[in-house]
Participant: 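If you scroll down you'll find the structure; I have some questions about it.
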Amino acid sequence: MDELVERVDDQDRVLGVVVSRRQAIRECWLHRVAVTVCRDERGRLLVHRRSLQLSRFPGLYEAMVGGAVDVGESYEQAAARELAEELGIRVLPDLLFTFLNRSGLSPHWLGMHEAVVPEALAADPDEVAWHGWLTEPELRSALLEWRFTPDSHEAFSRYLAFRTTRS
């Protein structure tokens with residue numbers, strides 16, 4: 001069964017209309033997605049390759065963990081749920097910012113989070129085919145050399161810009 005999401009407007013306000021995520025993507029209706037950049041205690045970044053069984057972007061790499069915000073969920077709740085589902089960890093990530101992302105399958109509001117997570121993960125093989133830890137320079141190189149999901153590039157560059165302004 002396809003996920004149910006709430007449509008939102010161009011200001012990220014919930015419209016009170018529930019649709020399937022598949023329909024939201026097909027019709028290019030705005031909805032919400034929550035992602036988390038995961039760092040370990042040493043500051044390395046988690047990168048993973050999506051399972052070949054997934055319907056969206058099978059086998060591509062991602063610099064974030066996440067998915068659609070379910071009906072009635074906040075960005076933070078969705079990010080925490082996705083971390084538990086995909087990596088087997090329980091942590092409440094910090095919401096850093098949101099932006100209207102037009103680089104995925106369809107436009108959507110993306111809530112960018114950050115979390116420090118343990119190095120040892122129990123990744124769900126139905127979601128994650130491989131995962132590893134990269135330094136920031138290694139990830140920058142990988143983004144140029146490996147096949148990443150379409151929104152990984154824009155979301156990660158916005159994340160780096162955000163971190164630079166906070167430093």
Side-chain angles (χ1 to χ4, degrees), residues 1-39 45-87 92-115 124 126-129 131 136 139-140 142-166:
M1 185 169 159
D2 197 20
E3 302 163 285
L4 296 178
V5 297
E6 293 175 292
R7 289 184 58 190
V8 295
D9 66 13
D10 61 356
Q11 299 298 309
D12 196 18
R13 295 178 296 227
V14 174
L15 299 174
V17 178
V18 175
V19 297
S20 74
R21 184 170 187 204
R22 184 172 289 128
Q23 184 180 16
I25 291 169
R26 184 178 59 245
E27 301 294 335
C28 293
W29 290 334
L30 293 177
H31 58 287
R32 292 176 171 170
V33 173
V35 298
T36 303
V37 173
C38 297
R39 291 183 171 273
L45 299 148
L46 178 71
V47 175
H48 71 279
R49 189 174 65 245
R50 295 170 60 83
S51 168
L52 292 174
Q53 302 169 46
L54 294 173
S55 62
R56 296 177 189 99
F57 310 117
L60 297 188
Y61 290 91
E62 285 195 294
M64 298 142 313
V65 174
V69 175
D70 286 346
V71 175
E73 272 187 323
S74 68
Y75 282 112
E76 295 93 337
Q77 290 167 329
R81 176 180 47 76
E82 290 289 341
L83 288 170
E85 289 174 5
E86 294 184 24
L87 303 180
L92 186 60
D94 295 322
L95 177 62
L96 304 177
F97 59 90
T98 61
F99 71 96
L100 182 54
N101 184 9
R102 297 188 183 279
S103 61
L105 287 174
S106 70
H108 56 274
W109 278 92
L110 195 137
M112 178 67 72
H113 299 77
E114 181 179 56
D124 178 351
D126 290 337
E127 299 268 351
V128 177
H131 70 276
E136 194 172 300
L139 179 51
R140 287 177 190 262
L143 282 163
L144 299 173
E145 298 170 16
W146 303 354
R147 291 189 57 224
F148 277 79
T149 59
D151 53 356
S152 285
H153 294 276
E154 181 172 357
F156 191 70
S157 67
R158 286 179 183 249
Y159 167 76
L160 291 176
F162 177 84
R163 284 184 53 86
T164 300
T165 61
R166 282 198 342 194

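In this chain, numbering begins with 1 at the start of the sequence shown.
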Participant: Let me see the working for E136 and L160 under side-chain contact (heavy atoms from CB on, under 4.5 Å), right down to the final yes or no.
Facilitator: CA-CA 9 Å; E136 194 172 300; L160 291 176; 3.5 Å; yes
Participant: Measure the shortest side-chain to side-chain distance between C38 and L83 over non-hydrogen atoms and say whether it is less than 4.5 angstrom.
Facilitator: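 With C-beta onward as the side chain, the pair touches.
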Participant: If I compare all heavy atoms of E82 with all of G66, which pair ends up nearest, and what's the gap?
Facilitator: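 Smallest heavy-atom distance, with atoms named: OE1-O, 3.5 Å.
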Participant: Does any N or O in the side chain of R50 come within less than 3.5 Å of the main-chain N or O of R56, such that one atom is a donor and the other an acceptor?
Facilitator: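 Between the backbone of R56 and the side chain of R50 there is a qualifying donor-acceptor contact (under 3.5 Å).
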Participant: Okay, side chain of H31, backbone of W29: is any donor-acceptor separation there less than 3.5 Å?
Facilitator: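 Present.
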Participant: A68 and A78: which non-hydrogen atoms are nearest, and at how many Å?
Facilitator: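 For A68 and A78, the tightest heavy-atom pair comes out as O-CB, 4.2 Å.
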Participant: Rounded to the nearest 0.5 Å, how far does CG of L15 lie from CG of L30?
Facilitator: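 Nearest 0.5 Å value for the CG-CG distance: 8.5 Å.
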Participant: Measure across V8 and R32 and return the closest heavy-atom pair with its distance rounded to 0.1 Å.
Facilitator: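 Answer, listing the atom of V8 first, then R32: CG1-NE, 3.7 Å.
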Participant: If you look at every heavy atom in E114 and L96, which pair is closest and at what distance?
Facilitator: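 The answer is CB-CD1, 3.7 Å.
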Participant: Whether R158 engages the ring of F99 as a cation-pi pair (distance to the six-membered ring centre under 6.0 angstrom, angle to the ring normal within 45°) should be assessed.
Facilitator: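 Cation-pi check for R158 and F99: passes.
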Participant: Checking W109 side chain against D9 main chain: does a donor-acceptor pair fall under 3.5 Å?
Facilitator: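 Checking the backbone N and O of D9 against the side chain of W109, a donor-acceptor pair under 3.5 Å is found.
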Participant: Report the distance from atom OG of S152 to atom CH2 of W146, rounding to the nearest 0.5 Å.
Facilitator: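 Separation between the atoms: 12.0 Å.
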Participant: Taking atom OG1 of T36 and atom CE of M112, what is their separation to the nearest 0.5 Å?
Facilitator: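 Answer for the OG1-CE pair, T36 versus M112, is 9.0 Å.
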Participant: Ignoring hydrogens, what is the shortest heavy-atom contact between V19 and A24? Give both atom names and the distance.
Facilitator: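 It is CG2-CB, 4.0 Å.
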Participant: Give, for atom CD of E27 and atom OG of S106, the distance between the pair rounded to the nearest 0.5 Å.
Facilitator: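 Reported to 0.5 Å precision, the distance equals 10.0 Å.
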Participant: Going by heavy atoms in the side chains, are L87 and H131 under 4.5 Å from each other?
Facilitator: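 No, side chains not in contact.
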Participant: Would you indicate whether the side-chain heavy atoms of D126 and Q53 approach each other to under 4.5 Å?
Facilitator: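 A side-chain contact exists here, since the closest heavy-atom pair is under 4.5 Å.
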Participant: Heavy-atom count check: over 12 atoms from other residues, nucleotides or ligands less than 6.0 Å from R102 CZ?
Facilitator: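 Result for CZ/R102: open.
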Participant: Indicate the ring-plane relationship of Y75 and H113, choosing parallel, tilted or perpendicular according to the 30° and 60° boundaries.
Facilitator: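 The rings of Y75 and H113 sit tilted, inter-plane angle from 30° to 60°.
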Participant: Assert yes or no for the condition that the ring centre distance of F156 to Y159 is strictly below 6.0 Å.
Facilitator: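 Under 6.0 Å, so yes.
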Participant: Any donor-acceptor pair under 3.5 Å linking the side chain of E6 with the backbone of G72?
Facilitator: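 Yes: the side chain of E6 pairs with the backbone of G72.
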Participant: Go through it in stages, so that I can follow the logic: the residues are E85 and D124, the test is side-chain contact (heavy atoms from CB on, under 4.5 Å), and I'd like the CA-CA distance, side-chain angles, deciding distance and then a yes or no.
Facilitator: CA-CA 7 Å; E85 289 174 5; D124 178 351; 6.0 Å; no
Participant: With rounding to the nearest 0.5 angstrom, report the CZ to CZ distance, R49 to R147.
Facilitator: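 Atom-to-atom, R49:CZ and R147:CZ are 12.0 Å apart.
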Participant: Tell me the closest heavy-atom pair linking M64 and A155, and the distance in Å.
Facilitator: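 In terms of heavy atoms, the two residues are closest at SD-CB, 3.5 Å.
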Participant: Do the non-hydrogen side-chain atoms of N101 and V33 ever get within less than 4.5 Å of each other?
Facilitator: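 Heavy-atom side-chain distance check fails, nothing below 4.5 Å.
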Participant: Could you check if a side-chain atom of S74 sits within less than 4.5 angstrom of a side-chain atom of L95, using non-hydrogen atoms only?
Facilitator: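 Counting from C-beta outward, S74 and L95 never come under 4.5 Å.
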Participant: Between the side chain of D2 and the main-chain N/O of R22, is any donor-acceptor distance below 3.5 Å?
Facilitator: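 It does hold such a pair.
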Participant: Which distance, rounded to the nearest 0.5 Å, do you find between the CG of D151 and the NE2 of H108?
Facilitator: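 These two atoms lie 5.0 Å from each other.
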